[in-house]
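A short worksheet on the structure shown next.
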Amino acid sequence: MAEGPQPKRKREEEEQKNGGDAPQGAAAFALSDLRVRRVLRESARDKTVFLHAERTGLSGEGTDAVVILEKTPFQEEKIPDLLKKPMNAELQMHNDIYCTFYLSPPPELSEIKATVVYPATEKHIQKYLRQEVHLIRETWEDYKNITLPFIQSQSFSIQWVYNILEKKAEADRIVHENPDPSNGFVLVPDLKWNQNQLDDLYLIALVHRREIKSLRDLTAEHLPLLRNVLQEGKEAIVKRFGVPGSQLRIYLHYQPSYHHLHVHFTALGYDAPGSSVERAHLLADVIDNLAMDSMYYQKRALTFPLRADEPLFKKFQEAGKV
(Lines give C-alpha, C1' and ligand atoms only; values in the text may rest on other atoms or scores of the structure.)
Protein backbone atom coordinates (compact mmCIF):
# COMPACT_ATOMS: atom_id res chain seq x y z
CA MET A 1 0.00 0.00 0.00
CA ALA A 2 0.87 2.25 -0.68
CA GLU A 3 6.81 6.90 -2.85
CA GLY A 4 12.23 8.62 -3.59
CA PRO A 5 13.22 10.17 -2.99
CA GLN A 6 10.28 7.87 -2.73
CA PRO A 7 12.24 4.70 -2.08
CA LYS A 8 9.16 3.55 -0.48
CA ARG A 9 7.81 0.37 -1.20
CA LYS A 10 4.39 1.67 -1.50
CA ARG A 11 1.44 -0.19 -2.89
CA GLU A 12 1.35 -0.12 -6.69
CA GLU A 13 -1.68 1.24 -8.43
CA GLU A 14 -2.20 -1.79 -10.64
CA GLU A 15 -3.86 -1.38 -14.00
CA GLN A 16 -6.31 -4.24 -14.08
CA LYS A 17 -7.49 -4.30 -17.64
CA ASN A 18 -10.47 -6.53 -16.96
CA GLY A 19 -11.40 -5.03 -13.59
CA GLY A 20 -11.01 -8.43 -11.90
CA ASP A 21 -11.05 -8.88 -8.14
CA ALA A 22 -7.70 -10.61 -7.83
CA PRO A 23 -4.39 -9.05 -8.85
CA GLN A 24 -2.74 -10.75 -11.78
CA GLY A 25 0.85 -11.61 -12.54
CA ALA A 26 3.49 -11.68 -9.83
CA ALA A 27 2.24 -14.78 -7.99
CA ALA A 28 2.18 -16.80 -11.22
CA PHE A 29 5.96 -17.14 -11.66
CA ALA A 30 9.27 -17.34 -9.80
CA LEU A 31 11.77 -14.50 -9.42
CA SER A 32 14.29 -16.65 -11.27
CA ASP A 33 12.10 -16.26 -14.38
CA LEU A 34 13.08 -12.59 -14.54
CA ARG A 35 16.07 -11.14 -16.36
CA VAL A 36 17.45 -7.77 -15.20
CA ARG A 37 17.61 -5.22 -18.01
CA ARG A 38 18.80 -2.15 -16.07
CA VAL A 39 18.90 -0.42 -12.70
CA LEU A 40 16.27 2.31 -12.63
CA ARG A 41 17.29 3.86 -9.33
CA GLU A 42 18.95 2.97 -6.05
CA SER A 43 18.83 4.52 -2.60
CA ALA A 44 21.86 4.00 -0.39
CA ARG A 45 20.02 5.58 2.55
CA ASP A 46 17.11 3.18 2.35
CA LYS A 47 19.09 0.16 1.12
CA THR A 48 16.71 -0.19 -1.82
CA VAL A 49 17.22 -0.77 -5.53
CA PHE A 50 14.63 -0.46 -8.33
CA LEU A 51 15.12 -2.70 -11.35
CA HIS A 52 13.64 -2.88 -14.84
CA ALA A 53 13.33 -6.61 -15.53
CA GLU A 54 11.82 -8.80 -18.21
CA ARG A 55 10.13 -12.16 -18.24
CA THR A 56 10.33 -14.20 -21.42
CA GLY A 57 7.23 -16.22 -22.21
CA LEU A 58 6.92 -19.53 -24.04
CA SER A 59 6.57 -17.64 -27.31
CA GLY A 60 9.94 -16.00 -26.73
CA GLU A 61 8.36 -12.59 -26.30
CA GLY A 62 9.49 -10.50 -23.32
CA THR A 63 7.14 -8.79 -20.86
CA ASP A 64 8.35 -5.90 -18.71
CA ALA A 65 8.42 -6.01 -14.91
CA VAL A 66 9.59 -3.70 -12.14
CA VAL A 67 11.39 -5.34 -9.22
CA ILE A 68 12.03 -3.49 -5.96
CA LEU A 69 14.64 -5.07 -3.69
CA GLU A 70 15.08 -3.76 -0.16
CA LYS A 71 16.98 -4.99 2.84
CA THR A 72 14.59 -5.69 5.69
CA PRO A 73 15.01 -3.96 9.09
CA PHE A 74 16.78 -5.72 11.93
CA GLN A 75 14.50 -7.76 14.19
CA GLU A 76 15.46 -7.15 17.80
CA GLU A 77 15.04 -10.74 18.95
CA LYS A 78 17.43 -11.98 16.24
CA ILE A 79 20.23 -9.49 16.86
CA PRO A 80 22.10 -11.69 19.42
CA ASP A 81 22.28 -14.46 16.78
CA LEU A 82 23.86 -12.04 14.34
CA LEU A 83 27.12 -12.05 16.33
CA LYS A 84 26.97 -15.63 17.60
CA LYS A 85 26.39 -17.57 14.40
CA PRO A 86 29.35 -18.54 12.20
CA MET A 87 29.95 -16.02 9.42
CA ASN A 88 32.66 -14.33 7.45
CA ALA A 89 33.82 -11.15 9.19
CA GLU A 90 36.35 -9.18 7.15
CA LEU A 91 38.20 -6.39 8.94
CA GLN A 92 38.11 -3.24 6.81
CA MET A 93 39.61 -0.66 9.14
CA HIS A 94 41.21 -0.45 12.59
CA ASN A 95 42.12 2.91 14.12
CA ASP A 96 42.61 3.22 17.87
CA ILE A 97 39.32 2.16 19.51
CA TYR A 98 37.41 1.94 16.20
CA CYS A 99 37.05 -1.13 13.98
CA THR A 100 34.94 -1.68 10.87
CA PHE A 101 33.97 -5.19 9.75
CA TYR A 102 32.07 -6.41 6.69
CA LEU A 103 29.89 -9.35 7.68
CA SER A 104 28.34 -12.12 5.60
CA PRO A 105 25.52 -13.38 7.84
CA PRO A 106 23.62 -16.63 7.24
CA PRO A 107 20.51 -16.40 5.00
CA GLU A 108 17.99 -16.33 7.85
CA LEU A 109 19.64 -13.15 9.17
CA SER A 110 20.08 -11.36 5.85
CA GLU A 111 16.62 -11.28 4.29
CA ILE A 112 15.79 -9.12 1.29
CA LYS A 113 12.22 -8.18 0.46
CA ALA A 114 11.25 -8.27 -3.22
CA THR A 115 8.22 -6.45 -4.63
CA VAL A 116 7.27 -7.18 -8.23
CA VAL A 117 5.04 -5.14 -10.55
CA TYR A 118 4.10 -7.44 -13.44
CA PRO A 119 3.16 -6.86 -16.16
CA ALA A 120 4.66 -3.38 -15.86
CA THR A 121 3.66 -0.56 -18.19
CA GLU A 122 5.92 2.24 -19.37
CA LYS A 123 4.27 4.41 -16.70
CA HIS A 124 5.46 2.04 -13.97
CA ILE A 125 9.00 2.00 -15.36
CA GLN A 126 9.15 5.79 -15.65
CA LYS A 127 7.78 6.13 -12.13
CA TYR A 128 10.88 4.47 -10.66
CA LEU A 129 13.45 5.90 -13.04
CA ARG A 130 15.91 8.33 -11.48
CA GLN A 131 14.76 11.87 -12.31
CA GLU A 132 15.19 15.48 -11.20
CA VAL A 133 12.55 16.68 -8.75
CA HIS A 134 10.89 20.12 -8.80
CA LEU A 135 8.62 21.90 -6.31
CA ILE A 136 5.26 23.07 -7.63
CA ARG A 137 3.22 25.81 -5.95
CA GLU A 138 -0.38 25.05 -6.92
CA THR A 139 -3.12 27.66 -6.46
CA TRP A 140 -6.79 26.70 -6.38
CA GLU A 141 -7.09 27.99 -9.96
CA ASP A 142 -4.14 25.81 -10.96
CA TYR A 143 -5.87 22.84 -9.37
CA LYS A 144 -9.11 23.44 -11.28
CA ASN A 145 -7.44 24.23 -14.62
CA ILE A 146 -4.41 21.92 -14.62
CA THR A 147 -4.36 19.25 -11.89
CA LEU A 148 -8.02 18.17 -11.78
CA PRO A 149 -8.39 17.71 -15.57
CA PHE A 150 -5.15 15.73 -15.55
CA ILE A 151 -6.37 13.46 -12.71
CA GLN A 152 -9.65 12.86 -14.52
CA SER A 153 -7.79 11.84 -17.67
CA GLN A 154 -5.64 9.18 -16.01
CA SER A 155 -6.13 5.45 -16.42
CA PHE A 156 -4.52 4.05 -13.25
CA SER A 157 -7.00 1.75 -11.55
CA ILE A 158 -7.61 1.84 -7.80
CA GLN A 159 -9.61 -1.39 -7.88
CA TRP A 160 -7.21 -2.75 -5.25
CA VAL A 161 -8.56 -0.11 -2.82
CA TYR A 162 -12.14 -1.15 -3.50
CA ASN A 163 -11.16 -4.81 -3.08
CA ILE A 164 -9.96 -4.04 0.47
CA LEU A 165 -13.02 -1.94 1.32
CA GLU A 166 -15.32 -4.70 0.02
CA LYS A 167 -13.23 -7.42 1.73
CA LYS A 168 -12.48 -9.13 -1.56
CA ALA A 169 -8.77 -8.94 -0.73
CA GLU A 170 -6.61 -8.58 2.41
CA ALA A 171 -9.60 -9.05 4.73
CA ASP A 172 -7.37 -10.96 7.17
CA ARG A 173 -5.02 -7.95 7.41
CA ILE A 174 -7.65 -5.45 8.59
CA VAL A 175 -6.64 -4.01 11.96
CA HIS A 176 -9.79 -1.92 12.45
CA GLU A 177 -12.93 -0.99 10.56
CA ASN A 178 -15.66 1.58 11.07
CA PRO A 179 -18.30 0.39 8.56
CA ASP A 180 -20.25 3.67 8.39
CA PRO A 181 -20.51 4.53 4.66
CA SER A 182 -20.09 8.29 5.26
CA ASN A 183 -17.75 8.53 8.23
CA GLY A 184 -16.09 5.11 8.31
CA PHE A 185 -12.79 3.66 7.14
CA VAL A 186 -10.60 0.55 7.10
CA LEU A 187 -7.16 0.46 8.75
CA VAL A 188 -4.60 -1.96 7.28
CA PRO A 189 -0.81 -2.37 7.49
CA ASP A 190 0.99 -0.74 4.58
CA LEU A 191 2.91 -3.15 2.38
CA LYS A 192 6.15 -1.34 3.31
CA TRP A 193 5.84 -2.73 6.85
CA ASN A 194 6.52 -6.42 7.48
CA GLN A 195 4.97 -6.21 11.01
CA ASN A 196 8.00 -7.92 12.56
CA GLN A 197 9.12 -4.82 14.49
CA LEU A 198 7.58 -1.53 15.60
CA ASP A 199 10.44 0.78 14.63
CA ASP A 200 9.05 1.19 11.11
CA LEU A 201 5.35 0.76 11.94
CA TYR A 202 3.25 1.86 8.97
CA LEU A 203 -0.51 1.59 8.50
CA ILE A 204 -2.98 3.15 6.05
CA ALA A 205 -6.57 4.25 6.70
CA LEU A 206 -8.74 3.96 3.57
CA VAL A 207 -12.04 5.84 3.82
CA HIS A 208 -15.24 4.22 2.59
CA ARG A 209 -16.37 7.30 0.67
CA ARG A 210 -15.21 7.05 -2.92
CA GLU A 211 -15.79 10.59 -4.15
CA ILE A 212 -13.03 12.17 -2.00
CA LYS A 213 -9.88 12.17 -4.11
CA SER A 214 -7.48 14.23 -2.01
CA LEU A 215 -6.92 17.09 0.41
CA ARG A 216 -8.40 19.48 -2.18
CA ASP A 217 -11.87 17.91 -1.84
CA LEU A 218 -12.09 18.25 1.95
CA THR A 219 -14.50 20.69 3.63
CA ALA A 220 -15.99 20.99 7.12
CA GLU A 221 -18.58 18.39 6.02
CA HIS A 222 -15.82 15.80 6.30
CA LEU A 223 -14.78 16.66 9.87
CA PRO A 224 -16.68 13.72 11.47
CA LEU A 225 -14.91 11.34 9.08
CA LEU A 226 -11.46 12.83 9.72
CA ARG A 227 -11.98 12.88 13.50
CA ASN A 228 -13.01 9.22 13.39
CA VAL A 229 -9.88 8.31 11.46
CA LEU A 230 -7.68 10.22 13.91
CA GLN A 231 -9.25 8.97 17.13
CA GLU A 232 -10.18 5.40 16.21
CA GLY A 233 -6.94 4.89 14.30
CA LYS A 234 -4.87 5.82 17.36
CA GLU A 235 -7.03 3.65 19.63
CA ALA A 236 -6.73 0.63 17.31
CA ILE A 237 -2.95 0.95 17.04
CA VAL A 238 -2.35 1.25 20.78
CA LYS A 239 -4.66 -1.71 21.38
CA ARG A 240 -3.06 -3.97 18.74
CA PHE A 241 0.57 -2.83 18.77
CA GLY A 242 0.97 -0.95 22.06
CA VAL A 243 2.16 2.25 20.36
CA PRO A 244 0.49 5.37 21.83
CA GLY A 245 -0.82 8.21 19.70
CA SER A 246 1.95 10.51 20.95
CA GLN A 247 4.45 8.27 19.13
CA LEU A 248 2.62 8.29 15.80
CA ARG A 249 2.96 10.58 12.79
CA ILE A 250 -0.52 10.79 11.22
CA TYR A 251 -0.72 12.61 7.90
CA LEU A 252 -2.07 12.91 4.36
CA HIS A 253 -0.03 13.31 1.20
CA TYR A 254 -0.49 16.01 -1.37
CA GLN A 255 -0.18 15.10 -4.14
CA PRO A 256 -1.21 11.58 -3.14
CA SER A 257 0.13 8.57 -5.02
CA TYR A 258 -3.43 7.38 -5.73
CA HIS A 259 -6.60 9.43 -5.72
CA HIS A 260 -8.76 7.86 -3.04
CA LEU A 261 -8.56 9.62 0.31
CA HIS A 262 -6.24 7.77 2.67
CA VAL A 263 -4.30 8.64 5.84
CA HIS A 264 -0.81 7.43 6.80
CA PHE A 265 0.02 6.25 10.34
CA THR A 266 3.78 5.81 10.90
CA ALA A 267 6.05 5.44 13.90
CA LEU A 268 7.30 8.89 14.90
CA GLY A 269 10.91 7.69 15.00
CA TYR A 270 10.70 6.23 11.49
CA ASP A 271 11.89 8.45 8.65
CA ALA A 272 9.05 7.27 6.44
CA PRO A 273 9.25 7.99 2.71
CA GLY A 274 6.93 10.86 1.85
CA SER A 275 6.86 12.28 5.38
CA SER A 276 8.86 15.37 4.38
CA VAL A 277 7.43 18.86 4.82
CA GLU A 278 6.79 19.45 1.11
CA ARG A 279 4.38 16.52 0.87
CA ALA A 280 2.95 15.56 4.28
CA HIS A 281 0.05 17.37 6.00
CA LEU A 282 -0.61 16.35 9.61
CA LEU A 283 -4.19 15.15 10.03
CA ALA A 284 -4.65 17.11 13.27
CA ASP A 285 -3.66 20.30 11.43
CA VAL A 286 -6.02 19.50 8.55
CA ILE A 287 -8.88 19.09 11.05
CA ASP A 288 -8.06 22.40 12.74
CA ASN A 289 -7.84 24.20 9.40
CA LEU A 290 -11.24 22.92 8.27
CA ALA A 291 -12.82 23.74 11.62
CA MET A 292 -11.54 27.29 11.19
CA ASP A 293 -12.58 27.63 7.53
CA SER A 294 -14.69 25.04 5.71
CA MET A 295 -13.18 26.04 2.35
CA TYR A 296 -9.57 26.22 3.57
CA TYR A 297 -8.25 23.73 1.00
CA GLN A 298 -10.16 25.39 -1.83
CA LYS A 299 -8.50 28.72 -1.03
CA ARG A 300 -4.87 28.18 -0.19
CA ALA A 301 -1.95 27.34 -2.44
CA LEU A 302 -0.34 23.95 -1.86
CA THR A 303 3.26 22.97 -2.53
CA PHE A 304 4.29 19.50 -3.68
CA PRO A 305 7.20 17.79 -5.47
CA LEU A 306 7.00 16.45 -9.03
CA ARG A 307 9.61 14.55 -10.98
CA ALA A 308 10.73 16.06 -14.28
CA ASP A 309 9.37 13.13 -16.28
CA GLU A 310 5.88 13.18 -14.75
CA PRO A 311 3.09 14.18 -17.15
CA LEU A 312 1.59 16.53 -14.55
CA PHE A 313 4.91 18.40 -14.37
CA LYS A 314 4.78 18.86 -18.14
CA LYS A 315 1.23 20.26 -17.82
CA PHE A 316 2.48 22.87 -15.35
CA GLN A 317 5.38 23.65 -17.68
CA GLU A 318 3.01 24.13 -20.63
CA ALA A 319 0.90 26.49 -18.52
CA GLY A 320 3.99 28.57 -17.67
CA LYS A 321 3.77 27.73 -13.98
CA VAL A 322 7.30 26.31 -13.58
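By the side chain to side chain contact (heavy atoms under 4.5 Å, CB included) test, I79 pairs with F74, sequence neighbours left out. Partners of R240 according to the side-chain hydrogen bond (donor to acceptor under 3.5 Å, both in side chains) rule, which considers only residues two or more places apart in sequence or in another chain, do not exist here. Under the side-chain hydrogen bond (donor to acceptor under 3.5 Å, both in side chains) criterion, T139 pairs with D142, sequence neighbours left out. Listed by chain and number, the residues in a side-chain hydrogen bond (donor to acceptor under 3.5 Å, both in side chains) with K239 amount to none (sequence neighbours excluded). With sequence neighbours excluded, the residues satisfying salt bridge (charged side-chain N to carboxylate O under 4.0 Å, His left out) with R216 are E138. For K234, there are no salt bridge (charged side-chain N to carboxylate O under 4.0 Å, His left out) partners at least two apart in sequence or on another chain. Residues satisfying the side-chain hydrogen bond (donor to acceptor under 3.5 Å, both in side chains) criterion with H176, sequence neighbours excluded, are E232. Residues satisfying the salt bridge (charged side-chain N to carboxylate O under 4.0 Å, His left out) test with E90, not counting sequence neighbours, are none. In this view, E278 satisfies the salt bridge (charged side-chain N to carboxylate O under 4.0 Å, His left out) rule with no residue, not counting sequence neighbours.
Sorted by first and then second residue, the pairs that involve residues 287-300 and meet salt bridge (Lys or Arg N to Asp or Glu O under 4.0 Å), not counting sequence neighbours, are D293-K299. Sorted by first then second residue, the ring pair (Phe, Tyr, Trp, His ring centres under 6.0 Å) pairs that include residues 278-315, not counting sequence neighbours, are H134-F313, Y254-F304. Judged as a salt bridge (Lys or Arg N to Asp or Glu O under 4.0 Å), not a single pair has a partner in residues 241-270 (not counting sequence neighbours).
Remark: the H52 side chain and the D64 side chain contain an N/O donor-acceptor pair separated by less than 3.5 Å.
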